[in-house]
Amino acid sequence: MLKPDFNNENIAELNNTTVPQVENLNLQVLAQQYAPLNLIINGVLSLLFLMLGALVYVQNWIVLPSALHNFIPYALCIFAVTSLLIISLNFLADKQKRYALRQLDLHFSSGLMFKKLVSQPISRIQHVELKRGPLERFKNLATLQVYSAGGSHHTFEIPGLDLATAQQIHQFILKNKDLIHNA
Amino acid sequence: MHSVHKSSHEHQPVANDWQKLSPIAIVYFVMKIIRGVFANIVYLIPALAYSYSNIIAYPYIWLPILLISFTALLLGAFWSFQVYRFRLSDNVLEIRSGLFRKKHVNLPFERIQNVKIEQPLYYRLTGYACLQLDTAGSAKQEAQLVALPLVLAQQLKQQILRVSPESSAPFSAAPTHAKDSYPPFATDEQLINQRSLPDLVLHGITNNRVWILLGGLAPFYDNIVNKINILLMDLGINLNDMFNLQVHSLWQVGIYTLSLTLLFMFLLMLFSVTGAIISYYGYTLSKTENRYIRRSGLFTKHEVSMPLSRLQMLVQQQDWLDILLKRVNLKLEQMNARLKQADHSAANNKIIVPSITLTQSRAIIDDIYPNNQLANVSFSAISGFFMLRYIGYYLFPLCCLIQSIAIIKHNIALAAIGLVLFALLSTLVFLRWRRWGYAFDENFVYLRKGLLGVDYYCFPAFKVQQCQFKQSIMMKRRHLATVKYVLASGAITIPLMPETIALGLINRCLYQVESSQRSWM
């Protein structure tokens, strides 16, 4: 009989067919607040920029060259259209982000047109961080950052986690990391 | 101060108290300060050059300034030497240094990644050496023991390396009998490869080592250019005149350009050869039990020593010129995360074996990874979609655009140039595609890539830090995917392979990493 806490889900015999597969991950969605929050942040930032542009256009303290001055409305229109496009694509992309946790590795999948799945074995983790900006704190969210020896350029990151979930994952990693290292 | 402790400690290279360096270290500090000043003064040189005559005219101003700076330099070096203390105790090295900003480094031996012995020219006469200690992870923590007798440095190095994490022996076994079991110049070292002067000349020709010289000459650029111009003038050569199309016909200017380019190339090559000799003179690659050691250098002798376990990846590089000469460069890549303080002339943590023959390279590779199949493995090509992507999606529309502009403007020359460029770039894309190849076996992943030259990469699957699977909509339709492996020495991408194979590769790698339980370093 197997012990009740025995878990060998990921590690199988050295047989190609039974090696755990990343294509069958149990992918989880991010916290519900995440995508709307990003949408609002991006929207507000773009609006601010538009208003700033409009302000420059209507003000008469500083005299701009007339060619530049006449160009401002067109530039703002172009900016408005592209940022609308980018923001909506971003929103859709945020909704597509998923993560998965296995006994021995973490996975994060993202991308709308360019799909990307990053897999981070827990045994290669150098250290873990929970990051929370002011807005994230306000919405009770957290970003999990995982560093490996691959360098800061390849930091594994799961954004938009519910704080409690993030802390659980954090604990899970710390615990399992030690387990793996001591094994 | 020099109280000697228990008899077992007598063999220990350095005792437990805070120690001063040998006075020869003053020379080191002088050089260090001069180097620091020079690095910052480069920006001032144009200004100085401009007011050169003015400055010279008032010796009573610049002479005292020069004298004072010189005295300050000597004082600074002497004082640096005075405050520098180091101490060895229980496998921990402590260094206190710094004039104004005091620094205290506390370095347990097991945290030391790499030990390098450097012997600048001015130390070589006196038999002293500089011991450079690299630590894992945090870039700030690195230390130098500035002036130790070479023998002592060698002993200390052995002592430190025996405690390093990869040696499974516990701490207690290490330092006290270091000397008995490890003579100062470890005799169990086995010479693997040696580079002769002709080899280095070859290396200089095939690989651009110009920057080694350029880096050193940087402060003098302006002067050099001026001197060259004056020299040419003296020889009766006026550059502006030579390239004037009103004076000479087109073919004459063409020949001038060609010969000047050739001359320039030749000079560059000469510089490159000099650079290669400066960095790799007296090159030896040797091996102890589990460690590879590279020694080389004409002026400053570098020694890089790397435990086999730290090796992340083997790279065998062959440029087109190397292919003609049948030589390769073999690189043993270590952890590479700290590029900031990369020291160019030392080619830091990498162990490179310059311009060896294919058989020699193969022998070294087999020695390092006995069960690798790099030489026999058959590589699978990546998808032809690679060409469609670059030629069809990028180059062809661009070419069409240029052609339509040419037609509208009735510019035949533009059309011709556009077509030739298109053909040329497409050929390059094709060559690139043809070189791409990947393979894998039980333990290793192999990769081949290049354009005119060809590079081979080989790394054990369990060294992988992170895997990435990438797929665009276009690729999904064709069931293709790109795999990126992140290793401690950098990332490696294999583009456009069949989706199933890509997933299989990732699954296998994760399996290897997670099941082997082996540390990556």
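Every chain is numbered from 1, with letters handed out A, B, ... down the list of sequences.
- Between atom NZ of residue B/K476 and atom CZ of residue A/F114 there is a gap of 14.0 Å, rounded to the nearest 0.5 Å.
- No more than 12 heavy atoms of other residues, nucleotides or ligands lie within 6.0 Å of CD in A/Q32, so this atom counts as exposed by the packing criterion.
- Nearest heavy-atom pair, A/V22 versus B/L503, reported as atom, atom and distance to 0.1 Å: CG2-CD2, 3.7 Å.
- Using a 4.5 Å cut-off on side-chain heavy atoms (C-beta onward), B/E514 and A/Q103 make no contact.
- No more than 12 heavy atoms of other residues, nucleotides or ligands shown are found within 6.0 angstrom of NZ on A/K139.
- Shortest non-hydrogen contact noted between B/V513 and A/S123 is CG1-OG, 3.7 Å.
- For chain A, the nearby part of B/K484 is the side chain; its heavy atoms alone come within less than 4.5 Å.
- B/Q466 places a side-chain heavy atom less than 4.5 Å from the side chain of A/F156.
- Nearest heavy atoms, B/Q465 versus A/Q120: O-NE2, 2.9 Å.
- Between atom OG of residue B/S472 and atom NZ of residue A/K115 there is a gap of 11.5 Å, rounded to the nearest 0.5 Å.
- Between the A/D105 side chain and the B/L510 main chain, no donor and acceptor come within less than 3.5 Å of each other.
- With a 4.5 Å cut-off on non-hydrogen atoms, B/L487 touches chain A through its backbone but not through its side chain.
- A pairwise comparison of heavy atoms in A/E23 and B/N507 identifies OE1-ND2, 3.1 Å as the closest pair.
- Looking at B/Y485, neither its backbone nor its side chain comes within 4.5 Å of chain A, counting heavy atoms on both sides.
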**OP:** Show your working on side-chain contact (heavy atoms from CB on, under 4.5 Å) between A/R124 and B/W520 and close with a plain yes or no.
**Re:** CA-CA 8 Å; A/R124 293 288 176 263; B/W520 58 274; 3.7 Å; yes

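- In this structure, B/Y393 places its OH atom where more than 12 heavy-atom neighbours from other residues, nucleotides or ligands lie under 6.0 Å away.
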Original post:
What's the verdict on side-chain contact (heavy atoms from CB on, under 4.5 Å) for A/H154 and B/Q468, showing C-alpha distance, side-chain angles and the deciding distance?
Top reply: CA-CA 10 Å; A/H154 295 107; B/Q468 297 183 4; 4.2 Å; yes

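- For a residue to count as touching a neighbouring chain, one of its non-hydrogen atoms must lie under 4.5 Å from one of that chain's; by this rule A/H107 touches chain B with the side chain only.
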